[in-house]
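Reading through the structure tokens given below for one structure.
So you know, we letter chains A, B, ... as the sequences are listed, proteins then strands, and number each from 1.
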Number of protein chains: 2
Amino acid sequence: MTLSEEDYIKAIYHLGKGEQAPVSTNAVAEKMDTKPSSVTDMVKKLSEKGVVNYRRYKGVRLTEYGLKIALSIVRKHRLWEVFLVEKLHFSWDEVHEVAEQLEHVKSEKLIDELDKHLGFPKIDPHGDPIPSKEGEFKKAVKKLLSEVLTGTNGVCVGVKDSSPPFLKFLDKNNIALGDPIIVLEKEEFDGSLTIKINNKEMRISEQIASNLFVEIID
Amino acid sequence: MTLSEEDYIKAIYHLGKGEQAPVSTNAVAEKMDTKPSSVTDMVKKLSEKGVVNYRRYKGVRLTEYGLKIALSIVRKHRLWEVFLVEKLHFSWDEVHEVAEQLEHVKSEKLIDELDKHLGFPKIDPHGDPIPSKEGEFKKAVKKLLSEVLTGTNGVCVGVKDSSPPFLKFLDKNNIALGDPIIVLEKEEFDGSLTIKINNKEMRISEQIASNLFVEIID
DNA sequence: ATAATATTTTAGACAAATCTAAAAATTTGT
DNA sequence: ACAAATTTTTAGATTTGTCTAAAATATTAT
Ligand SMILES: [Mn+2]
Ligand SMILES: [Mn+2]
Ligand SMILES: [Mn+2]
Ligand SMILES: [Mn+2]
């Protein structure tokens, strides 16, 4: 696969939320920052190659083969992210752009040895699971902070939005993955929350809460 | 620069042996495994960009700007080679192909941190010097084993040919960089040498000797 | 010096990935 | 149900990097 094909496959995978729903041409175009006409062309090519199922006007979805490819790219992307943070002291908001390039390097040995070098990590710096060589990973049981009940006791385990601005916001407010969180109060009016994190009380907006994943502790 | 442009710049650099001599179209074509007509096209484009000086039928040479770019690519290539050998347990004959891809990843921080992570190495696994961030490196004082006098006492410091077959040959015969070498005898007839390496006597062909660099110890 | 040979460039074509503008199909609203 | 709005596809053009075949230039040998 070319670099471009790989990026399309990954976009279709992410938009398909696992694999199921067919993905619209416009959705892919938006995610890839291209025009819908370009997507149509590429999707036809990927269909020829057996990577996706496509019927015009009906959207596109990965085949089993396509899903395998997608998972191998995601695996590479996330392993490189771990490498950048753990070994090269990147912060979690700086890794995406570089991993976006590194994920396309072709060498099975490279990625296997990298995996070993990193101690076979199971999640990336944003809390997302790293697929195994065989494409397996357990979908974490996590919920958006905005959707849990008042009084919930949990641990911060991931971010939905992993753009630099959001991640920098979390850093600035001393919120990191692994931190225990208690939801003290939910404000009806604007959806904002009062939480206790690291033994410190703070108030966060609905927008923040709906981009933070927690694992509930009972 | 695009990936392709970068590979052309690197090829012109290597063929130019430092920088001086103008490089022929055919030489670049051979090294890049393309057709001379493709080289002409690319060289025109690089000339527009100020990367090379080119006058038709007269060959091509890097500008000062072009040399800077070449050195930064060579730096990346060799740092990645060190990484692969030191951290990921690649053997020295496996690294070139992968470094050929990794050298094109764009991120200044990435390469600076990698350099630090590796302890600021000065040479790559094949004994070639790694340019500094500023493009400086000292040209090692090394000679081809085939060109030293009988009785010379030296240390194996590099290879001219770094293709897998040659490197595997050296591995198989227990010849590694850093090994002390004494030239016991030179055979007039076929240019073969009798050497003492690691306290073991062995005979090597002219072809081998002309691809091994030694640093002479007086 | 000139002919033969080798090298290099030009002209024209092609595949990949993209774009714009217009046409076709689908979806939505009344 | 049908008009309007939206989405998607097609047609045709563009850029990058490549190729083949032919023409131009340079080099070599007699
Ligand atoms: Mn990518
Ligand atoms: Mn990530
Ligand atoms: Mn390369
Ligand atoms: Mn090397």
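- Taking the side chain to side chain donor-acceptor pair (under 3.5 Å) definition, one finds that B:Ser47 meets it with nothing, sequence neighbours left out.
- Side-chain nitrogen and oxygen atoms of A:Ser38 include at least one within less than 4.0 Å of the OP1 or OP2 phosphate oxygen of C:dC19.
- Minimum atom distance to the side chain of B:Thr40 is reached by C:dT8, of the listed D:dC19, C:dT8, D:dA11.
- Taking a cutoff of 4.0 Å between a charged side-chain nitrogen and a carboxylate oxygen, A:Lys109 and B:Glu97 do not qualify as a salt bridge.
- One interatomic measurement links the two molecules: CE of A:Met1 to P of C:dA16, which rounds to 13 Å at whole-angstrom precision.
- With rounding to whole Å, A:Lys35 atom NZ is found 18 Å from D:dT14 atom P.
- Note: CE (B:Met42) to C1' (D:dT15) measures 12 Å, nearest angstrom.
- Taking A:Asp190 as the reference, A:Ser192 meet the side chain to side chain donor-acceptor pair (under 3.5 Å) condition, with sequence neighbours excluded.
- Atom CG of B:Asp41 is separated from atom C1' of D:dC19 by 10 Å (rounded to the nearest Å).
- Counting to the nearest Å, the P atom of C:dT18 and the CG atom of A:Leu46 are 11 Å from each other.
- Applying the side-chain contact (heavy atoms from CB on, under 4.5 Å) criterion to B:Lys87, with sequence neighbours excluded, gives A:His117, B:Phe83, B:His117, B:Leu118.
- Contact annotation: A:Lys58 does not reach the phosphate of D:dT7 (side-chain N/O to OP1 or OP2, under 4.0 Å).
- The stretch residues 23-32 of chain A comes close to DNA chain D through A:Ser24, A:Thr25, A:Asn26, each having a heavy atom under 4.0 Å from the strand.
- Taking atom CD of A:Glu48 as the reference point, atom P of C:dA15 lies 14 Å away to the nearest angstrom.
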N/O donor to acceptor pairs below 3.5 angstrom from side-chain atoms of residues 160-172 of chain A, sequence neighbours left out:
from	atom 1	to	atom 2	distance (Å)
A:Asp161	OD1	A:Ser163	N	2.8
A:Asp161	OD1	A:Ser163	OG	2.9
A:Asp161	OD2	A:Ser163	OG	3.3
A:Asp171	OD1	A:Trp92	NE1	3.1
A:Asp171	OD2	A:Trp92	NE1	3.2

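- The phosphate of D:dT8 (OP1 or OP2) has no side-chain N or O of A:Tyr54 nearer than 4.0 angstrom.
- For B:Glu136, there are no side chain to side chain donor-acceptor pair (under 3.5 Å) partners at least two apart in sequence or on another chain.
- Contact annotation for A:Ser4: backbone-only contact, meaning every heavy-atom pair under 4.0 Å involves sugar-phosphate atoms and none involves a base.
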Are any protein N/O atoms closer than 3.5 Å to N/O atoms in nucleotides 22-25 of chain D? If there are, list each pair with its distance.
from	atom 1	to	atom 2	distance (Å)
D:dA24	N3	B:Tyr57	OH	3.3
D:dT25	O4'	B:Tyr57	OH	3.3

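- Evaluation of the salt bridge (charged side-chain N to carboxylate O under 4.0 Å, His left out) rule for A:Asp7 yields no partner, not counting sequence neighbours.
- Atom pair B:Glu5:CD and D:dT18:C1' shows a separation of 14 Å (rounding to whole Å applied).
- Every residue was checked against the salt bridge (charged side-chain N to carboxylate O under 4.0 Å, His left out) condition with B:Lys122, not counting sequence neighbours, and none meets it.
- With respect to the salt-bridge test (charged N to carboxylate O, under 4.0 angstrom), the residues B:Lys116 and B:Glu113 qualify.
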